[in-house]
**Q** 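Dumping the structure here so I can ask a few things about it.
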There are 2 protein chains.
Amino acid sequence: MSDLLERLRGRGWRMTAQRRVVAEVLDGDHVHLTADEVHARAVTKLPEISRATVYNTLGELVTIGEVLEVSTDKRAKRYDPNAHQPHHHLVCGQCGAIRDVHPVGNPLADLPDTERFGFTVSDVEMTYRGVCPNCAKA
Amino acid sequence: MSDLLERLRGRGWRMTAQRRVVAEVLDGDHVHLTADEVHARAVTKLPEISRATVYNTLGELVTIGEVLEVSTDKRAKRYDPNAHQPHHHLVCGQCGAIRDVHPVGNPLADLPDTERFGFTVSDVEMTYRGVCPNCAKA
DNA sequence: TGCTTGACTTAGACGTTGTCCATTGTAGGG
DNA sequence: CCCTACAATGGACAACGTCTAAGTCAAGCA
């Protein structure tokens with residue numbers, strides 16, 4: 001994932017310890033973390049890092065398209081580092097667990113022109129909802 | 001839409017002025033309002049209504065399935081009174097305008113078993129994103 | 001290497017959205 | 001008409017996010 005750091009440097013980003021740490025956290029595992037979770041993990045590596053910096057950095061990563069914002073949750077936004085392979089989400093309504101999924105077909109094609117109201121449609125986000133195996137047991 | 005009021009009464013709801021007003025606001029037009037917008041409109045009809053009551057009432061309407069919660073927006077939840085005809089949403093990324101749309105096909109069928117991870121999938125929510133004609137002009 | 005500069009970071013106040021709780025009010029049955 | 005359980009009130013609280021003023025530092029350059 002020095003990939004990501006490389007790409008950022010290529011964009012003229014100033015490389016700071018804080019930004020490096022945020023990038024590392026996002027790369028760490030495949031969970032979709034909330035901003036505060038990212039902050040919590042960043043703090044373990046760099047105790048002085050502030051919340052505002054994490055929010056700023058995440059926001060910048062989103063605007064340049066390196067990270068996706070998903071709002072499956074009714075509370076906080078979550079950040080999805082897997083921005084380069086398009087995918088959708090499957091959410092457990094009980095515990096909030098999220099998995100990445102890849103439906104077949106092209107949902108963009110499923111929206112007829114008569115249903116576009118003159119919009120230029122560029123993207124679609126699908127959120128499947130259900131109950132995960134764990135919660136189904138309980 | 002005394003329809004809605006009828007159905008609520010049928011469910012054993014105690015009918016109060018506040019609940020009636022909230023139902024009227026939801027029925028008023030087809031926009032997807034935020035909770036605070038609902039409150040703002042309710043206040044014009046019943047000045048003493050409190051924010052907590054609006055939130056409670058909306059929450060109850062959602063749990064009994066008369067109203068849908070949509071979170072296309074990164075900020076507040078919006079409430080969609082059109083709960084009885086399933087539909088999806090088309091959102092303008094610039095101005096936040098929302099339209100109801102009806103894609104063809106059954107997106108639930110587009111998720112292969114191998115992509116379900118043991119979940120019991122019951123629902124899918126699709127959010128198309130793009131730019132509305134108005135914002136495209138500007 | 002050491003300076004300079006503007007971008008970056010910080011801490012904490014602030015804003016918005018939403019929830020909770022103790023108190024007060026009231027719908028609807030008897 | 002009165003009771004009583006359920007609903008409404010309002011104000012404190014909590015979670016999430018944004019903003020600002022001041023300090024700090026990465027990176028280019030002499």
Side-chain angles (χ1 to χ4, degrees), chain A residues 5-25 32-64 66-80 96, chain B residues 4-6 8-25 32-64 66-80 96:
Chain A
L5 293 183
E6 273 321 301
R7 284 199 296 274
L8 297 179
R9 197 185 295 275
R11 284 169 183 275
W13 262 38
R14 212 155 108 184
M15 193 47 53
T16 66
Q18 291 82 351
R19 290 176 166 185
R20 195 174 359 257
V21 165
V22 169
E24 280 171 17
V25 167
H32 301 68
L33 299 167
T34 65
D36 264 0
E37 285 164 354
V38 172
H39 178 239
R41 297 190 182 204
V43 163
T44 68
K45 303 185 180 209
L46 187 70
E48 330 81 71
I49 194 170
S50 85
R51 223 158 49 95
T53 299
V54 172
Y55 276 98
N56 287 342
T57 306
L58 287 173
E60 289 160 11
L61 288 170
V62 169
T63 47
I64 66 178
E66 289 290 347
V67 164
L68 285 182
E69 237 175 48
V70 285
S71 41
T72 53
D73 199 282
K74 41 199 63 173
R75 287 208 163 289
K77 303 177 206 169
R78 293 176 176 277
Y79 292 89
D80 185 342
Chain B
L4 176 53
L5 292 182
E6 273 322 300
L8 296 179
R9 198 185 293 277
R11 284 170 184 274
W13 261 40
R14 214 154 106 182
M15 193 47 55
T16 66
Q18 291 82 353
R19 287 175 168 188
R20 193 174 1 257
V21 165
V22 170
E24 280 171 17
V25 168
H32 300 66
L33 300 166
T34 65
D36 265 359
E37 284 165 355
V38 172
H39 178 240
R41 296 188 183 207
V43 163
T44 68
K45 304 186 181 210
L46 187 70
E48 330 81 68
I49 196 171
S50 83
R51 221 158 52 95
T53 299
V54 172
Y55 276 97
N56 288 341
T57 305
L58 287 173
E60 288 160 12
L61 288 169
V62 168
T63 46
I64 67 180
E66 288 290 346
V67 163
L68 285 182
E69 239 175 46
V70 284
S71 42
T72 54
D73 198 282
K74 43 199 64 175
R75 288 202 163 292
K77 304 177 205 170
R78 292 174 178 277
Y79 291 88
D80 186 343

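Order of the sequence lines fixes the chain letters, A, B, ..., with proteins taken first and strands second; residue numbering starts at 1 for each chain.
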**Q** Give a yes/no on whether any side-chain N or O of B/Q18 is located under 4.0 angstrom from OP1 or OP2 of C/dT26.
**A**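 No, B/Q18 has no side-chain N/O under 4.0 Å of OP1/OP2 on C/dT26.
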**Q** Report the distance from atom CG of B/L8 to atom C1' of C/dA27, rounded to the nearest whole Å.
**A**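 Value for this atom pair: 15 Å.
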**Q** How many whole angstroms separate atom CG of B/N56 from atom C1' of C/dG18?
**A**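 Answer to the nearest Å: 11 Å.
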**Q** Could you report the tightest heavy-atom contact between A/A35 and A/V54, atom names first, then the distance?
**A**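 What the structure gives for the nearest pair is O-CG1, 3.9 Å.
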**Q** DNA chain D: A/A35 or B/E60, which has the more 5' nearest nucleotide?
**A**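 Going by which nucleotide is closer to the 5' end, it is B/E60.
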**Q** How is A/T16 classified with respect to the nucleic acid when contacts are heavy atoms under 4.0 Å: base, sugar-phosphate, or nothing?
**A**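 Answer is sugar-phosphate: A/T16 comes under 4.0 Å of backbone atoms only.
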**Q** Could you check how far CH2 of B/W13 sits from P of D/dA7, rounded to whole Å?
**A**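 Interatomic distance, CH2 of B/W13 to P of D/dA7: 8 Å.
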**Q** Say whether, by atom type as modelled, one donor and one acceptor occur between the side chain of B/R41 and the main chain of B/V25 under 3.5 angstrom.
**A**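 No: the side chain of B/R41 does not pair with the backbone of B/V25.
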**Q** B/T34 or B/R9: which one's nearest nucleotide on DNA chain C is closer to the 5' end?
**A**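 With B/T34 and B/R9 compared, the 5'-side residue is B/T34.
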**Q** What is the distance, to the nearest angstrom, from the OH atom on B/Y55 to the P atom on C/dT17?
**A**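 One finds 7 Å between P of C/dT17 and OH of B/Y55, rounded.
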**Q** Quickly work out the B/E69 CD to C/dG18 C1' distance and round it to whole Å.
**A**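 Those two atoms, CD and C1', are 11 Å apart.
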**Q** Less than 3.5 Å between a donor and an acceptor, one on the side chain of B/R51 and one on the base of C/dG18, is that the case here?
**A**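 A donor-acceptor contact between them is present.
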**Q** So, do B/H39 and B/I49 sit near enough that their side-chain heavy atoms are less than 4.5 Å apart?
**A**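 They are in side-chain contact.
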**Q** Using only heavy-atom distances, decide whether a donor-acceptor pair under 3.5 angstrom links the side-chain of B/R14 to the base of D/dC6.
**A**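 Flag set: donor-acceptor pair detected.
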**Q** Please give me the minimum heavy-atom distance between A/R20 and A/M15, naming the atom from each residue.
**A**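 Closest heavy-atom pair between A/R20 and A/M15: NH1-CG, 3.3 Å.
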**Q** I need the CE-P distance between A/M15 and C/dC8, as an integer number of Å.
**A**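 Distance, rounded to whole Å: 10 Å.
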**Q** Let me know which of B/L46, B/T53, B/L58, B/N56 forms a side-chain contact (heavy atoms from CB on, under 4.5 Å) with B/V22.
**A**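 For B/V22, the side-chain contact (heavy atoms from CB on, under 4.5 Å) test succeeds with only one of B/L46, B/T53, B/L58, B/N56, which is B/L58.
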**Q** Figure out the CZ/C1' separation between B/R19 and C/dG28, and round it to whole Å.
**A**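 Computing the B/R19:CZ to C/dG28:C1' distance gives 13 Å.
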**Q** Does B/T53 place a side-chain N or O at less than 4.0 Å from the phosphate oxygens OP1/OP2 of D/dA8?
**A**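 No, B/T53 has no side-chain N/O under 4.0 Å of OP1/OP2 on D/dA8.
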**Q** What is the distance, to the nearest angstrom, from the CZ atom on B/R78 to the P atom on C/dG18?
**A**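 Going from B/R78 (CZ) to C/dG18 (P), I get 10 Å.
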